[in-house]
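Right, one structure below, let's go through it.
Computed from a prediction, not measured in an experiment: that's the story for all the values here. Proteins come first, then strands; the chains are lettered A, B, ... in the order of their sequence lines, and each starts at number 1.
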Number of protein chains: 2
Amino acid sequence: MTHDARDVVTLREVARAAGVHPGTASRALNEATRSLVRPETVERVVAAASALGYRPNYLARSFKTRQTRSVGVVIPDINNPLFPPMVLGIEDRLTTEGYVTLLANTQNEAQRRERIFAEMLERHVDGLIVATAQREDPELVELAQDGIAVVLLNRVVEDRSFSSVSADDGAGVRAVVDHLVGLGHERIAHVAGPQSMSTGLARYQGFLSSMQAAGRRAEPELVAAATSFTINEGERCATVLLESGGAPTAIFAANDMLALGCYSALERAGLRCPEDVSVVGFNDMPFIDRLNPPLTTVRIPHYELGAQAAQLLVDQLHQPHEPLRVLLLVPSLVVRGSTAPARAAVRVG
Amino acid sequence: MTHDARDVVTLREVARAAGVHPGTASRALNEATRSLVRPETVERVVAAASALGYRPNYLARSFKTRQTRSVGVVIPDINNPLFPPMVLGIEDRLTTEGYVTLLANTQNEAQRRERIFAEMLERHVDGLIVATAQREDPELVELAQDGIAVVLLNRVVEDRSFSSVSADDGAGVRAVVDHLVGLGHERIAHVAGPQSMSTGLARYQGFLSSMQAAGRRAEPELVAAATSFTINEGERCATVLLESGGAPTAIFAANDMLALGCYSALERAGLRCPEDVSVVGFNDMPFIDRLNPPLTTVRIPHYELGAQAAQLLVDQLHQPHEPLRVLLLVPSLVVRGSTAPARAAVRVG
DNA sequence: CTGAAAGCGCTTACAG
DNA sequence: CTGAAAGCGCTTACAG
């Protein structure tokens, strides 16, 4: 009825068939302890195991060793197209290392996040890959202090006690600003992301420093900060910028969702993109190249981000006293139809 | 160093603190057996447990009971925007039922699929939600015969030995055909999906019967079958249709990806959508409403699909001899800018 | 190099 | 209603 049939052959039976003690059979079958056993014995045990179709009982093993070879992956929202490629990268790497992926979405709800972490620990995951970090994240810091293996993905905590894999936002933003400056834009605005997240802050700071490096000033009326990375917030902020009197000829949005909101705001204001205002995003979401106009944006290697995070975690699991590692992957600017040479300043409202 | 600190308090200690035998403590703490214990004793045990911060060891429990309260979710490709909402629906429902989600992508590779199923069984998942079914799927049928609880999601196996949750494709297609016929289209073409999948077949058959019901003939030169649900295949098939001499004024693509390919083919042929040719998709992928033109398509309640599949599985787990259930969720046509009244027949090539 | 034994932390017949 | 005991299937010190 259930799949107990599969489980019917146990280590004890393999041992009997091979004429050895179960302990010996265990050692022979386990990679790590195999060298303790005489080669001929190993061979005998392995033969018996495969003859009987022996499959070790993971539950028993996990119970005994307190290791589950599973890792918890905590993301904000799988519906955000950023995350699926990361999850795939994680899964691919984890799988080849013999780990299994427990996935959970926080949906940005504190209560849900707490539940998820508690559940993952109850399930004895060997480690956690967390893509929901806030810059200040006491909950996460506490986890780390409890000695749970955690790798941060995409976003980062201010407290530098985590290994992490994220994109080099500074480099990405620099490429954006250089591109816009190169097109002759004088009045470049920024729709910043939430400053409570490392990505929002890093891109904002990158904007300030890149502007300065390019000899431009980032005027206060040309910056608006969104409270979330959503289309609605992008529209709201872009509207603020357009009505501020700052007369931007280009808007750099801290991610593609916000950029989509910029499109909406421009449309509502009767402005054309890129003729009147250029728009740049960040992330290179799927299908963003099929919009009208196709969005100029910064491509982040999301799959790689996930794969590297998984690797870091696995390394850390195998070598618990490994020093922390902070990986920054290189993004690249993808120029499409939403940016064009600056024309004249535009004033609205 | 590890989170062993959390595990330090064991059932035995709770029992001692409450002055009862561990067996009694177990019964008192377990929902199902609590009624066997005198209320005052239950109270004492519960108090002791919470005073000591007792957390049952899942590993021990799973080992003993052979249940893990985990379910494997097998999807073709998380990067396909269809699946994230389904996965979220699954996770939400599973979580409230106390189950955890093991996620894996087959990437449509047979080898990978086999590995995944083997792994999931090794991990003793309580059941499986499978969105990768082929119409003929001996592997899956075998699983079911082994008595593993399986619920099919989105796609279905010809062999009717599974519970499943999918969309009522026939109803969706009917709405599409009626819409196009209502717009005066005489020559309606179909880019069919892979006929090895139930979705591809059902939508094709739905097309045939709806056309017939509407008094139209589905001419052979107005149907082309894709070998995969991809943009490239959509473009290839649409090109075939446009060059076949059938002169379609509307193309119904079996999903949005294929419809995207139709857009490309029209563009390459110098035809405008919807002025020259109307296009309809299926699924209502995220952001498909932001394309140029916004795609008319059939909305499928993907989140609900996932949630219902999870529910079916959980029900089946709790009530193993429950009869199979086949759920068909109702889709709805979303009319956007890619469809317009028919003008004249168009001939290309 | 191998055997004998203990034990991981629970659950669950079985007695009483 | 509760206790005493067995046992799930492994791994791993400990002897020899």
Among B:V156, B:V326, B:L140, which one satisfies side-chain contact (heavy atoms from CB on, under 4.5 Å) with B:F162?
-> B:L140
Among C:dA4, C:dC1, D:dT11, find the nucleotide with the atom closest to the side chain of A:P39.
-> C:dC1
Taking only N and O in the side chain of B:T65, is any of them less than 4.0 Å away from OP1 or OP2 of C:dT11?
-> no
Contacts of type ring pair (Phe, Tyr, Trp, His ring centres under 6.0 Å), residue A:F83, not counting sequence neighbours = none
Can you figure out which of C:dA4, D:dG3, C:dC10 approaches the side chain of B:H21 most closely?
-> D:dG3
Does D:dA4 have a Watson-Crick or wobble partner in any strand here, with both distances under 3.5 angstrom, and which is it?
-> none
Spell out yes or no: do the side chain of B:R66 and the base of D:dG9 have one donor N/O and one acceptor N/O closer than 3.5 Å?
-> no
Between B:F63 and B:G23, the residue closer to the 5' end of DNA chain C by nearest nucleotide is B:F63
Among D:dT11, D:dC1, D:dT2, the nucleotide that comes nearest once only the side chain of A:R61 is considered | D:dT11
Return no unless some side-chain N or O of A:N30 is found under 4.0 Å from OP1 or OP2 of D:dT11.
-> yes
Side-chain donor-acceptor pair under 3.5 Å between A:S161 and A:D159, yes or no?
-> yes
C:dT2 phosphate, OP1 or OP2: any side-chain N/O from A:R38 under 4.0 angstrom?
-> yes
Has B:T41 got a side-chain N or O lying under 4.0 Å from the OP1 or OP2 atom of D:dT2?
-> yes
Closest to the B:A60 side chain, choosing from D:dG9, C:dG3, C:dG9 | C:dG9
Under 4.0 angstrom between B:Y54 side-chain N/O and C:dC10 OP1 or OP2 | yes
Under 4.0 angstrom between B:S62 side-chain N/O and C:dC10 OP1 or OP2 = no
Just by distance, with hydrogens left out, do B:Q311 and B:R93 show a side-chain donor and acceptor under 3.5 Å apart?
-> yes
